[in-house]
Amino acid sequence: MESDNEKIDILSLSCEEFTAQLTEMGEKGFRAAQVYEWLHIKRTQNFNEMSNIPLELRTKLSTKYCIKRLIIVKRLESAIDNTIKYLYRLSDGEHIEAVLMEYHHGNSLCISTQVGCKMGCKFCASTIAGFRRSLMPSEMLEQIYEAERDSGRRADSLVLMGIGEPLDNYDNVVKFLQLLSDKRGKNMSLRHVSLSTCGIAPKIYELAQLKLGLTLSVSLHAADNESRSGIMPVNKVYPIEDLIEVCRQYYEKTGRRISFEYAVINGVNDSLDDAKRLASLLKGMNCHINLIPVNKIKERSYKADRRSVTAFAEALTRLGMNATVRRTLGADINAACGQLRREYEI
Ligand code: SAH
């Protein structure tokens, strides 16, 4: 029998693609919707359980297709606020992270889009061990399905802010978003999805043309090229002027307000002058600034100063900007993005 990696990854197929494949195999097309329901609603992980599918077809499916699974290898639950952090093992032995958070409006799940990251942001743990590979649509969906299965909670909204750069895995991420919003599956409105990027300008432009309705979060972290290039190498390729210009185009095309992420780092980007530069850069844009006190990672010395974060937020507000400091969740299981995986692999 062939091994799973020679089989077709069925969870990455749209219902239309699977219907076409079934018809080609000489099977009835309507079976595709039945199988799709087993996979994406009932979330079965075994073709044998698909009781309304003829046994012969079930056998045929299991020789041609595989249902990719993620295994939870570590699970940390906060005693303070019900945050759950998952470390998953993929079918090839790689590891990724997801975090389930509880807000007053429901549960939000943060998922990974790649194993490791190429972008090299200096303050980020995900990038330290380098890049291994991009995730398939199925592996992004399974992070949701597995967290829901394990926690018994429903993910009401989603943020693509875990390990990896979503726009460096553009095609798979877009396909995943289509599967996620399919009425025959999880049926999540893309209005409940935020995609965070370090600023790959041409891909932001491409994404805008799709008008998916999601929220774009742009990791800005500095308002001048010198400081930004110092902490985010991607800025040397797509400098701030290009990034802001494409953000304006994104807003014009989609009508969706952009959220700018700004990790406040003591002595790097938290002065009053930095606040003024940031305000003048974003002036007149319909946007929101999300301030995040930088999370300490053990490989780097960056840290946040609580008082300067508050002062920075106040300065921005005085300058007429719409800025808030992100609430900290799961403080007792705190591990900045990518740290759980790092600890596990060392
Ligand atoms: N690659 C994407 C998404 C993953 S990172 C991006 O760059 O946006 C998700 C967010 O966490 C980004 O805003 C990133 O800059 C931020 N981040 C990473 N490490 C951090 C740290 N140590 N402290 C605070 N924010 C961090």
Side-chain angles (χ1 to χ4, degrees), residues 85 96-99 101 108-131 134-135 140 143 158-170 172-173 176 193-201 203-204 207 214-223 227-235 237-238 243 246-247 250 258-266 268-270 287-306 308-309 312 324-331 334-343:
K85 188 145 193 174
I96 51 168
E97 294 172 28
V99 189
M101 293 158 288
S108 174
L109 185 71
C110 172
I111 65 162
S112 298
T113 55
Q114 296 183 311
V115 183
C117 187
K118 293 177 206 160
M119 299 299 132
C121 298
K122 293 281 180 4
F123 46 81
C124 181
S126 301
T127 209
I128 288 167
F131 172 76
S134 280
L135 296 184
M140 292 180 247
Q143 292 176 64
L158 198 69
V159 291
L160 275 57
M161 280 195 189
I163 299 171
E165 167 50 48
L167 298 186
D168 185 43
N169 184 17
Y170 185 85
N172 285 335
V173 165
F176 157 71
V193 176
S194 294
L195 183 150
S196 183
T197 176
C198 63
I200 303 184
K203 291 292 175 190
I204 294 178
L207 187 68
L214 48 78
T215 299
L216 185 68
S217 287
V218 174
S219 301
L220 192 57
H221 304 323
S227 318
R228 193 165 190 267
S229 294
I231 49 174
M232 300 179 73
V234 68
N235 193 68
V237 186
Y238 306 113
L243 179 57
V246 82
C247 287
Y250 186 93
I258 291 183
S259 173
F260 288 98
E261 309 291 311
Y262 195 101
V264 189
I265 313 174
N266 194 223
V268 173
N269 63 3
D270 65 345
C287 65
H288 175 255
I289 304 170
N290 209 350
L291 301 172
I292 318 149
V294 74
N295 242 313
K296 258 188 96 50
I297 60 171
K298 67 170 181 294
E299 293 85 351
R300 305 272 188 265
S301 58
Y302 297 121
K303 58 180 190 308
D305 176 298
R306 269 277 151 201
S308 83
V309 175
F312 197 80
T324 48
V325 181
R326 189 191 284 171
R327 212 177 111 212
T328 309
L329 284 176
N334 203 7
C337 180
Q339 280 201 44
L340 203 57
R341 171 170 172 260
R342 288 281 301 142
E343 279 164 19

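Atoms within a ligand are numbered from 1 in the order they appear, just like the ligands themselves. Numbers here are sequence positions counted from 1.
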Review point. For ligand 1, which part of His221 has a heavy atom less than 4.0 Å away: the side chain, the backbone, both, or neither?
Key: side chain

Practice item. Please indicate whether any nitrogen or oxygen in Gly164 is less than 3.5 Å from any nitrogen or oxygen in ligand 1. Key: yes

Point to revise | Aromatic plane relationship, Phe312 with Tyr262 - under 30° parallel, 30 to 60° tilted, over 60° perpendicular | key: parallel

Review point. What do you reckon, does Gly199 put a non-hydrogen atom under 4.0 Å from ligand 1?
Key: no

**Study point:** Element-labelled atoms of ligand 1 that are located less than 4.0 Å from some non-hydrogen atom of Cys198
**Key:** 6 (C), 7 (O), 8 (O)

Exercise for review: Please list, chain by chain and in numerical order, all residues satisfying side-chain hydrogen bond (donor to acceptor under 3.5 Å, both in side chains) with Glu165, sequence neighbours excluded.
Suggested key: Thr197

Check your understanding: Any luck finding a side-chain donor-acceptor pair between Ser308 and Asp270 under 3.5 Å?
Key -> yes

Point to revise | Any donor-acceptor N/O pair, Ser126 side chain to Ile163 backbone, under 3.5 Å | key: no

Check your understanding: Between Glu261 and ligand 1, is there a nitrogen or oxygen pair with a distance under 3.5 Å?
Key -> no

Point to revise | Contact partition for Thr197 relative to ligand 1, non-hydrogen atoms under 4.0 Å | key: backbone

Review point. Is the closest side-chain heavy-atom distance between Asn169 and Phe176 below 4.5 Å?
Key: no

Exercise for review: Heavy-atom contacts with Cys124 under 4.0 Å: which atoms of ligand 1 show up? List them by number with element.
Suggested key: 18 (C), 19 (N)

Point to revise | Under-4.0 Å heavy-atom contact with ligand 1, by part of Glu165 that carries it | key: both

Exercise for review: With sequence neighbours excluded, tell me which residues meet side-chain contact (heavy atoms from CB on, under 4.5 Å) with Val193.
Suggested key: Leu158, Leu160, Leu177, Leu180, Met188, Leu190, Leu214

**Study point:** Nitrogen or oxygen atoms of Phe123 and ligand 1 under 3.5 Å apart
**Key:** yes

Check your understanding: Within less than 4.0 angstrom of ligand 1, does Gly162 place any heavy atom?
Key -> yes

Review point. Considering only heavy atoms from C-beta outward, does the side chain of Val99 approach that of Met161 to under 4.5 Å?
Key: no

